[in-house]
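Here's the structure we're looking at; comments come further down.
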Amino acid sequence: MVFKVIKMALEISKALNREIENTLKKYPNKEAALLPLLHLLQKEFGYVKKEVMELAAERLDVPYSKVKGVATFYTMYDKKPVGKYHLQICRNISCSLRGAEDVLNSVKEHLNMEVGDTNEKFTLSTVECLGACGTGPVMQVNDDYYEELTPESVKKILDSLK
Ligand code: FES
């Protein structure tokens with residue numbers, strides 16, 4: 001039996017195409033624009049699926065494997081669909097010493113979710129260092145940071161998102 005690989009093309013609006021061109025212009029060479037381009041495409045398509053990585057590779061003239069390697073290395077790129085609010089809780093050393101595990105347990109209990117779960121509203125993930133180590137425990141919700149969390153304060157934040 002022969003399987004035919006069908007490449008799914010993404011719909012690229014004129015506005016998105018313009019944004020891609022503007023992003024590429026900011027860098028000395030196309031490859032240097034890989035991270036911002038993935039950010040832009042994630043914002044547009046919701047997550048970095050295979051077709052998004054193929055598009056990035058095509059626009060940057062780099063191998064698909066290069067894009068995939070970068071996209072899968074960084075937790076900031078979602079490789080599968082996420083809820084309206086993507087909760088990313090740091091559990092690296094500074095945040096852990098300041099109670100990240102208790103904050104995480106509070107979130108899990110309050111939302112009845114486990115790490116890796118997605119429901120209609122939330123995706124719950126843990127990440128390695130959000131770069132705000134002095135004000136941990138830290139949770140990133142989409143593009144916003146919440147710092148110096150406690151098991152109680154994080155519940156109030158979650159309630160405000162519901
Ligand atoms: S250790 Fe949590 S932000 Fe760096």
Side-chain angles (χ1 to χ4, degrees), residues 16 19-20 22-24 26-53 55-57 59-60 62-162:
L16 176 60
E19 276 192 82
I20 292 172
N22 288 339
T23 299
L24 298 190
K26 292 178 190 167
Y27 295 88
N29 60 64
K30 285 182 175 183
E31 192 174 338
L34 176 53
L35 298 184
L37 180 59
L38 286 175
H39 273 295
L40 174 64
L41 296 176
Q42 175 167 271
K43 210 168 182 184
E44 178 73 18
F45 297 106
Y47 67 104
V48 180
K49 54 187 160 186
K50 185 172 186 279
E51 293 81 6
V52 165
M53 291 188 262
L55 172 63
R59 296 303 290 261
L60 300 175
V62 297
Y64 170 77
S65 58
K66 168 98 184 173
V67 177
K68 187 175 180 186
V70 169
T72 54
F73 177 78
Y74 290 107
T75 56
M76 62 192 172
Y77 300 117
D78 303 316
K79 269 66 75 182
K80 54 187 184 183
V82 293
K84 182 178 179 189
Y85 298 108
H86 189 182
L87 313 173
Q88 298 178 80
I89 298 178
C90 174
R91 63 188 325 181
N92 210 321
I93 189 73
S94 295
C95 287
S96 291
L97 289 171
R98 294 172 58 96
E101 204 62 35
D102 293 338
V103 170
L104 177 61
N105 287 335
S106 180
V107 171
K108 285 167 37 175
E109 186 185 312
H110 199 60
L111 298 179
N112 194 24
M113 296 178 80
E114 291 297 323
V115 173
D117 285 354
T118 293
N119 62 29
E120 58 288 339
K121 196 134 199 185
F122 297 104
T123 293
L124 178 58
S125 306
T126 55
V127 293
E128 297 298 326
C129 196
L130 291 166
C133 318
T135 52
V138 182
M139 173 174 72
Q140 183 176 354
V141 181
N142 299 346
D143 292 332
D144 297 323
Y145 271 35
Y146 296 89
E147 300 165 49
E148 298 188 324
L149 296 170
T150 66
E152 288 313 310
S153 70
V154 79
K155 285 184 200 168
K156 288 183 185 146
I157 293 162
L158 297 173
D159 288 342
S160 74
L161 301 174
K162 279 183 177 173

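Only heavy atoms go into these numbers, but all of them, side chains included; no hydrogens, no water, no symmetry mates. Numbers for residues simply follow the sequence, beginning at 1. Every number for a ligand or one of its atoms is a count from 1 in the order of the listing.
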Does [X] use its side chain to pair, donor to acceptor, with the backbone of [Y] at less than 3.5 Å?
{"X": "Ser106", "Y": "Asp102", "answer": "no"}
{"X": "Gln140", "Y": "Asn142", "answer": "yes"}
{"X": "Thr123", "Y": "Gly83", "answer": "yes"}
{"X": "Gln42", "Y": "Asp78", "answer": "yes"}
{"X": "Lys121", "Y": "Asn119", "answer": "no"}

Practice prompt. Kindly identify the option in Leu130, Asn92, Leu97 whose heavy atom sits closest to atom 3 (S) of ligand 1.
Written response: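 Minimum heavy-atom distance to atom 3 (S) of ligand 1 goes to Leu130.
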Discussion item. Need the ligand 1 atom indices (1-based, order shown) with element for anything under 4.0 Å from a heavy-atom of Gly131.
Written reply: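 Under 4.0 Å from Gly131, ligand 1 has these atoms: 3 (S).
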Worksheet item: Which ligand 1 atoms are under 4.0 Å away from a heavy-atom of Ser94?
Response: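 That gives atoms 1 (S) of ligand 1.
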Discussion item. With rounding to 10 degrees, what does the angle Cys129:SG / atom 4 (Fe) of ligand 1 / Cys133:SG come to?
Written reply: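 My answer is 90°, to the nearest 10°.
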Worksheet item: Rounded to the nearest 0.5 Å, how far does CG of Leu111 lie from CZ of Phe122?
Response: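 Those atoms lie 5.0 Å apart.
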Worksheet item: Does the shortest distance from atom 4 (Fe) of ligand 1 to an N/O/S atom of Cys90 fall below 2.8 Å?
Response: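 Within the cut-off used here (under 2.8 Å), Cys90 places no N, O or S atom near atom 4 (Fe) of ligand 1.
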Worksheet item: Got a sec: is Cys95 within less than 2.8 Å of atom 4 (Fe) of ligand 1 via an N/O/S atom?
Response: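 No, since none of the N, O or S atoms of Cys95 sits under 2.8 Å from atom 4 (Fe) of ligand 1.
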Worksheet item: Ala132 near ligand 1, heavy-atom distance under 4.0 Å?
Response: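 Yes.
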